[in-house]
Amino acid sequence: MKTLLLPLLLTVLILPAGSSNQEAADVIFVNGNVYTANDRQPKAEAIAVKGERIVFVGSSSAARALAGKNTRVVDLGGKTVLPGMTDSHYHLIGVGERELTLNLEGITNLQDFLAQVKSQVAKSKPGQWVTGRGWIETFWTPPVFPTRQDLDKISPNNPVFLTRADGHGAVANSAALKLAGIDKNSPDPFGGQILKDKQTGEPTGMLLDHAQGLVRSRIPGPTTADVEKEILVGAERSIKLGWCQIQNAGSNISDVDLLTKLYREGKLKLRIYNAVYGPGPGADKLLADGATLDAFDHRFTVRTIKVVFDGALGSRGAALLAPYSDSDTSGFLTQKESELSPMFARALRAGIQVETHAIGDRANRVILDLYEKALNEVPADQRKIREPRWRVEHAQIVSPVDIPRFAVMGIIPSMQPSHAIGDLHFAPRRLGLERLKGAYAWQSFIKSGVVVAGGSDAPVERGEPMIEFYAAVARKDLKGFSSEGWHPEEAVTREQALKMFTSWPAYAAFQENEKGSIETGKLADLTVLSADIMKVPELEIPKTRCLMTVIGGEIVFSDQIQ
Ligand SMILES: [Zn+2]
């Protein structure tokens with residue numbers, strides 16, 4: 001995104017002594033163009049904060065009356081203020097890792113891809129692993145996967161392993177495959193695929209979903225210090241973009257321990273609503289110990305199990321009801337019912353939320369079936385939380401007959417608008433026009449009576465709030481292009497998009513009484529923007545930048561210089 005050198009209009013003044021009663025606010029934000037996401041008072045000019053909470057929302061003059069002698073008054077200079085934005089589907093450590101390692105994002109052809117990797121190989125010691133992530137071939141000409149032979153030419157000796165942007169595939173060179181013992185006779189592991197050359201039967205170097213683990217397990221893992229740095233870099237980047245909370249879509253036990261340590265040390269300001277991967281030891285521990293709610297001044301909650309149920313559309317691993325339109329495969333499920341169903345029943349009894357990655361229409365139908373079975377098996381009076389607000393992450397390609405089932409069961413679709421504007425370049429070919437009817441169907445979901453929690457899936461996508469907001473309302477790529485049959489009627493209104501990144505994620509996290517709108521009594525989380533995204537022309541939205549981020553009344557990022 002280009003840097004805009006706008007005059008910086010935010011100014012901070014310490015008011016001279018005014019009323020000095022004990023009820024004086026700590027900070028007052030005045031002269032704002034405030035969108036509250038509260039239907040009872042949708043617009044305001046000013047917000048007063050005491051401690052971590054909002055104590056007043058209304059006019060600037062009424063807000064100023066709450067000033068005491070130590071009150072800080074922030075003049076917003078007419079800038080647009082939203083409730084602190086939330087990304088409902090984010091991989092914080094992956095975002096930090098992307099910033100700190102070989103970042104292959106934005107490359108448009110195989111030659112440039114190989115050139116970048118080659119320069120990394122040149123910097124590496126003999127035999128050292130070369131790893132990176134972020135490449136995506138769907139925008140290359142031709143749009144085909146890189147192969148181990150491509151990589152062997154630039155790295156005959158160092159093992160190379162490069163993860164595709166979506167994390168559901170990776171390409172390895174021959175040295176890496178050899179270390180992992182993968183050859184033409186290796187069978188596909190459950191929930192994964194070793195792509196093989198149709199003529200020779202030799203592996204091509206591409207490994208999908210669980211097959212990636214065969215190589216990844218050979219790579220020395222990051223140290224705790226590495227992961228700590230990734231968390232802090234990822235959190236800092238998030239705050240600068242205007243995210244006040246991220247909902248972390250999967251973590252290990254060690255990640256939870258590390259996050260806890262960083263909060264305890266006061267190094268993390270970002271709010272994190274955290275899920276742990278399951279089935280497995282992380283989920284077992286959460287089910288046994290119970291949830292962690294609102295720790296560290298409402299910054300850290302761990303109450304969710306993340307299940308990954310199929311692959312991704314780009315690598316043809318998403319599980320479909322009928323074969324892909326450009327292949328004879330139908331994708332695959334990556335978990336077994338025999339392991340999920342007992343865990344789901346336990347989760348309902350223990351008050352643990354479940355969120356499941358489901359991209360293909362088959363994955364979505366089967367997970368709804370399994371949720372339904374668990375909800376019937378453990379009726380409301382046996383659940384710790386009667387309405388468990390379970391989620392489906394992505395809900396990307398859903399058979400239209402399955403869409404109403406979400407509302408009936410109280411299941412929340414958690415969807416990523418930017419996927420739709422990237423995938424529009426290849427999804428029609430891969431799915432056929434007929435199947436696009438239930439694809440990225442945000443408006444159909446909202447009309448069916450559910451809320452849609454909006455997210456970015458960063459680092460699969462850039463992870464920027466303005467790109468997501470634009471994608472949701474425009475449903476066109478960043479140049480303004482849309483493809484045939486891309487269902488413009490599924491775009492959302494700006495009011496709906498605002499809720500997708502504020503009040504609806506709060507609901508999807510059981511936090512609607514604490515945050516998600518600018519209202520008296522709620523936590524003072526604010527995102528201040530350089531333009532009025534509720535009014536500017538669509539193509540101006542992605543150029544809008546964050547000027548200030550406020551979490552719990554504290555200004556944690558500000559572009560101002562005065
Ligand atoms: Zn994800």
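Read the numbers this way: they start at 1 and go in the same order the structure lists the ligands and their atoms.
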Exercise. Check which protein N, O or S atoms are less than 2.8 Å from the Zn ion (ligand 1) and report how many there are.
Key: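 Those protein atoms number 3 in total.
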Quiz item: With respect to E99, which candidate in R462, K229, K240, R237 satisfies the salt bridge (charged side-chain N to carboxylate O under 4.0 Å, His left out) definition?
Solution: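 It is R237; the other options fail the test.
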Quiz item: Is the Lys NZ or Arg CZ of R216 less than 6.0 Å from the centre of F161's six-membered ring, within 45° of the axis?
Solution: no
Quiz item: Is the charged tip of R303 near the ring of F510: under 6.0 Å from the six-membered ring centre and within 45° of its axis?
Solution: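 Checked: cation-pi criterion met.
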Quiz prompt | Centroid-centroid distance, H419 to H89, less than 6.0 Å | solution =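 No - the distance between ring centres of H419 and H89 does not fall below the 6.0 Å cut-off.
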Self-check item: For Q120, all residues meeting side chain to side chain donor-acceptor pair (under 3.5 Å), sequence neighbours excluded
Solution: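 Side chain to side chain donor-acceptor pair (under 3.5 Å) list for Q120, sorted by chain: empty.
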Self-check item: Stepwise side chain to side chain contact (heavy atoms under 4.5 Å, CB included) test for T108 and F139
Solution: CA-CA 6 Å; T108 55; F139 304 110; 5.7 Å; no
